[in-house]
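This chain uses plain numbering: 1 for the first residue, then up along the sequence.
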Amino acid sequence: MIQEEVFYRVPRYVVEYLLARKGGTREAVDAVRKLLEERYLGPGHEQWIKDQLLRTGRFILIDRLEVQVDLERGAYRGRIPSLGEHPVEVRPRLAEEHPGVLYGMWGTLELLYDHASRKVRLGQFIPFEAHLKDLEPFQRGRQAFEEAEWLDFLLGSVGLNPEALTPRQKLLYLARLAPLVEPNLHYLELGPRQTGKTYLLRNTSAEAFVVSGGKVSPAVLYYNQLTRRPGLIPTYEVVIFDEIAHTAWEDPSVLSILKDYMESGQFSRGGKTLAAEASLVFLGNADDPTPPVTRVLPHGLRGDTAFLDRIHGLLPGHEFPKITPDLLYRGPALVVDYLAAALRRLRPLAFSVEVSLPSGYTQRDIRAVRKWLSALLKLLYPHRAWPEERVKELFEFALELRERVYEELHRLNPDEFPKRSKAPPPRLEWKDLFALVPEPYAGLFQALKEAGLPPPHEGPEDLMEGRKVVGQSLARWGEKRLVPPGLGAYGLEVHPDTPVEAIWAYVKEEL
């Protein structure tokens, strides 16, 4: 319902907040469309708004309010894009009631014009935020879904069409959402343009703030000593550094405080020590996916192993598809503002399981893997009922994200970060494989078992060409696949009577 042109002008959570308030029906879509046409004007309409204020003394609009501190006057001034550079007087308590207004918050604003003083001031301000008092209804609703259904429903709720995604891509999109449910989880994603790196976080939660290029300062990020106001990191749940290659990181104090915060969750500024739970997301463009992909980082971050080692995961940006109309979801889903409120309630909860980590892992490695596993479990199993076999798969994925960071560290400083031997991938049990392969091939795989061949790492898997499933394999040892006739481009074609020796010769490199 929100694939309307007028809706693209504002964040998704704003649209769905308004739709929910109007009842979520087709009539609500028409009502919200009309509301936005009337109340969200955008830049370029400041003269018309001023005219209305001068005539009537009052005007209601929907927009983004950013409050600025005027130290010379000892006052607060609001900036609204639809009103251009014309200042709006704001009551001092507003920044205490809604700290996010210091960096910008969407809401319904009442503007009042005082003819005597000839000033515009802010009357009522209603931010677009849903509040969830109890998580139990959300958890109970999750129990009505099978896992695959829930995953598709969750992705649909944030605007993605699950039918256009492979199982691997769905898991990667969950990783993008992880900072919304896990505090102090920091990741880096470098990949092609137009893959929606900031799309999910910025359009899902009002608690995510995007820093787009420019110079970052300690006052903006941490604490402003002049105004005695907290910066972005103590204020928001997620701080996203977009277009990181165009962000200046030359100030040594910015980096030293950043590293301290990423390690401990607290920082010192102006004699004050502040704790925060914001997850940090660093995003940038990279044309070449081969390591070291971090070569595209800007001066100040490039080659800084102390910074990189504090990153919990490196997402493979080149595996995400470009955003096209086919990737946008149009079916029934949760109202995204309600979903964001539920994810916010999940954030402080502890989701942990006992896992055995590889030997040689440092405390940073262990902390990173556990954070990823906790986040993925919260997203998929908010009701805390997860199957053990699925935990194993999510654990392997968490390991992969951290290993990608370690691979970059190894290439930057092989002496400090020596090459780690990779544990062999887990294998299926033969009995599990016999339940999965087509019946005509049961005799062939029984012969492979009797010949002493180890069971494969995976059974039948979908074979993809672009976004289309073109067939299914039979089994896979490492990167060596056995496939039915006609799919030789994806592995070794086998018939039910293919000689065991031929298969041995094909997979022996993976054994």
Side-chain angles (χ1 to χ4, degrees), residues 168 171-172 175-176 178-179 182 184-192 195 197 241 244-245 247 249 252 255-256 258-264 279-320 355-376 392-426 457 478-480 509-511:
R168 165 77 173 177
L171 202 56
L172 289 171
R176 276 185 175 177
E182 187 67 20
N184 301 105
L185 187 153
H186 316 306
Y187 78 72
L188 171 66
E189 181 184 340
L190 303 170
T195 60
K197 297 184 192 71
F241 298 92
I244 193 172
T247 305
W249 296 88
L255 280 176
S256 61
L258 185 75
K259 294 173 189 174
D260 182 23
Y261 170 71
M262 293 174 72
E263 179 70 18
S264 65
S279 297
L280 308 183
V281 177
F282 302 88
L283 305 174
N285 298 323
D287 297 322
D288 186 358
T290 57
V293 71
T294 52
R295 59 183 171 273
V296 302
L297 291 178
H299 177 70
L301 297 183
R302 188 189 319 122
D304 189 335
T305 57
F307 162 75
L308 192 57
D309 198 18
R310 288 164 167 80
I311 294 289
H312 296 127
L314 175 59
L315 270 60
H318 288 77
E319 293 190 36
F320 288 93
V355 290
S356 178
L357 288 127
S359 60
Y361 267 44
T362 66
Q363 281 302 113
R364 284 179 181 163
D365 295 325
I366 294 170
R367 189 184 310 123
V369 172
R370 286 178 174 165
K371 278 186 171 294
W372 280 114
L373 187 54
S374 172
L376 295 169
K392 185 178 180 182
E393 295 173 15
L394 297 176
F395 174 62
E396 292 291 334
F397 180 63
L399 281 174
E400 176 200 331
L401 296 179
R402 177 57 186 178
E403 278 299 313
R404 289 179 179 274
V405 174
Y406 192 86
E407 176 65 21
E408 297 287 322
L409 291 167
H410 168 70
R411 289 176 179 272
L412 292 171
N413 190 341
D415 292 332
E416 185 179 357
F417 302 95
K419 192 74 174 177
R420 285 205 279 231
S421 59
K422 295 184 179 179
H457 301 116
E479 298 300 319
K480 301 289 188 178
E509 292 181 4
E510 301 291 341
L511 302 182

Completion exercise
All heavy atoms of A175 vs all of L401, minimum pair found to be CB-CD1, 4.3 Å
Problem - L188 and L308: CA distance, side-chain angles, deciding distance, side-chain contact (heavy atoms from CB on, under 4.5 Å) verdict - result: CA-CA 9 Å; L188 171 66; L308 192 57; 4.1 Å; yes
Exercise for the section: Would you name the heavy atoms of K197 and N285 that are closest together and state the gap between them? Expected result: NZ-OD1, 3.1 Å
Problem - salt bridge (Lys or Arg N to Asp or Glu O under 4.0 Å) involving R402 - partner list, sequence neighbours excluded - result: D309, D365
Fill in the blank from the handout: Scanning both residues in full, the closest heavy-atom pair of R310 with E263 reads NE-CB, 3.6 Å
Exercise for the section: State which residues pass side-chain contact (heavy atoms from CB on, under 4.5 Å) with R370; sequence neighbours excluded, sorted by chain then number. Expected result: L357, I366
Practice task
Provide the full list of salt bridge (Lys or Arg N to Asp or Glu O under 4.0 Å) pairs with a residue in residues 408-417, sequence neighbours left out, each pair given once.
Solution key: E407-R411
Problem - Geometric cation-pi criterion, R420 with Y361: 6.0 Å, 45° - result: yes
Practice task
For N184, check side-chain contact (heavy atoms from CB on, under 4.5 Å) against everything at least two apart and list the hits.
Solution key: H186, Y261, E277, K371
Handout entry: Contacts of D287 that satisfy side chain to side chain donor-acceptor pair (under 3.5 Å) - sequence neighbours left out
Key = R193
Problem - Straight-line distance of I311 CD1 to T305 OG1, nearest 0.5 Å - result: 12.5 Å
Handout entry: Non-neighbouring partners of A398 that pass side-chain contact (heavy atoms from CB on, under 4.5 Å), sequence neighbours left out
Key = V369, W372
Practice task
Only counting residues at least two apart or in another chain, list the ones meeting side-chain contact (heavy atoms from CB on, under 4.5 Å) with D304.
Solution key: K259, A306, F307
Problem - Any side-chain heavy-atom pair of P316 and L172 under 4.5 Å - result: yes
Problem - Residue list, salt bridge (Lys or Arg N to Asp or Glu O under 4.0 Å) with D260, at least two apart or on another chain - result: none
Practice task
Please examine the side chains of P289 and L190, heavy atoms only from C-beta on, and report whether any two atoms are closer than 4.5 Å.
Solution key: no
Completion exercise
Between V281 and P179 the two heavy atoms that sit nearest each other are CG2-CG, 3.8 Å
Problem - Heavy-atom pair of closest approach, residues F417 and H410 - result: O-ND1, 2.8 Å
Practice task
Would you indicate whether the side-chain heavy atoms of L301 and T247 approach each other to under 4.5 Å?
Solution key: no
Practice task
Just jot down the ring-ring contact (aromatic ring centres under 6.0 Å, His included) partners of F241, sequence neighbours excluded, or say none.
Solution key: W249, F282
Problem - Contact summary for L297 and R302, nearest pair of heavy atoms - result: O-NE, 2.8 Å
Problem - Donor-acceptor pair, side chain of Y406 and main chain of P418, under 3.5 angstrom - result: yes
Practice task
Any chance you could lay out the salt bridge (Lys or Arg N to Asp or Glu O under 4.0 Å) test for K392 and E396, step after step, and finish with the verdict?
Solution key: CA-CA 6 Å; K392 185 178 180 182; E396 292 291 334; over 6 Å; no
Problem - Contact check, side chains of L394 and L171, non-hydrogen atoms, under 4.5 Å - result: yes
Problem - Backbone of E182 reached by a side-chain donor or acceptor of S279 within 3.5 Å - result: yes
Completion exercise
For E393, the salt bridge (Lys or Arg N to Asp or Glu O under 4.0 Å) test, sequence neighbours excluded, returns R390
Practice task
Could you note down all residue pairs passing side-chain hydrogen bond (donor to acceptor under 3.5 Å, both in side chains) where residues 311-320 supplies at least one of them, sequence neighbours left out?
Solution key: R168-E319
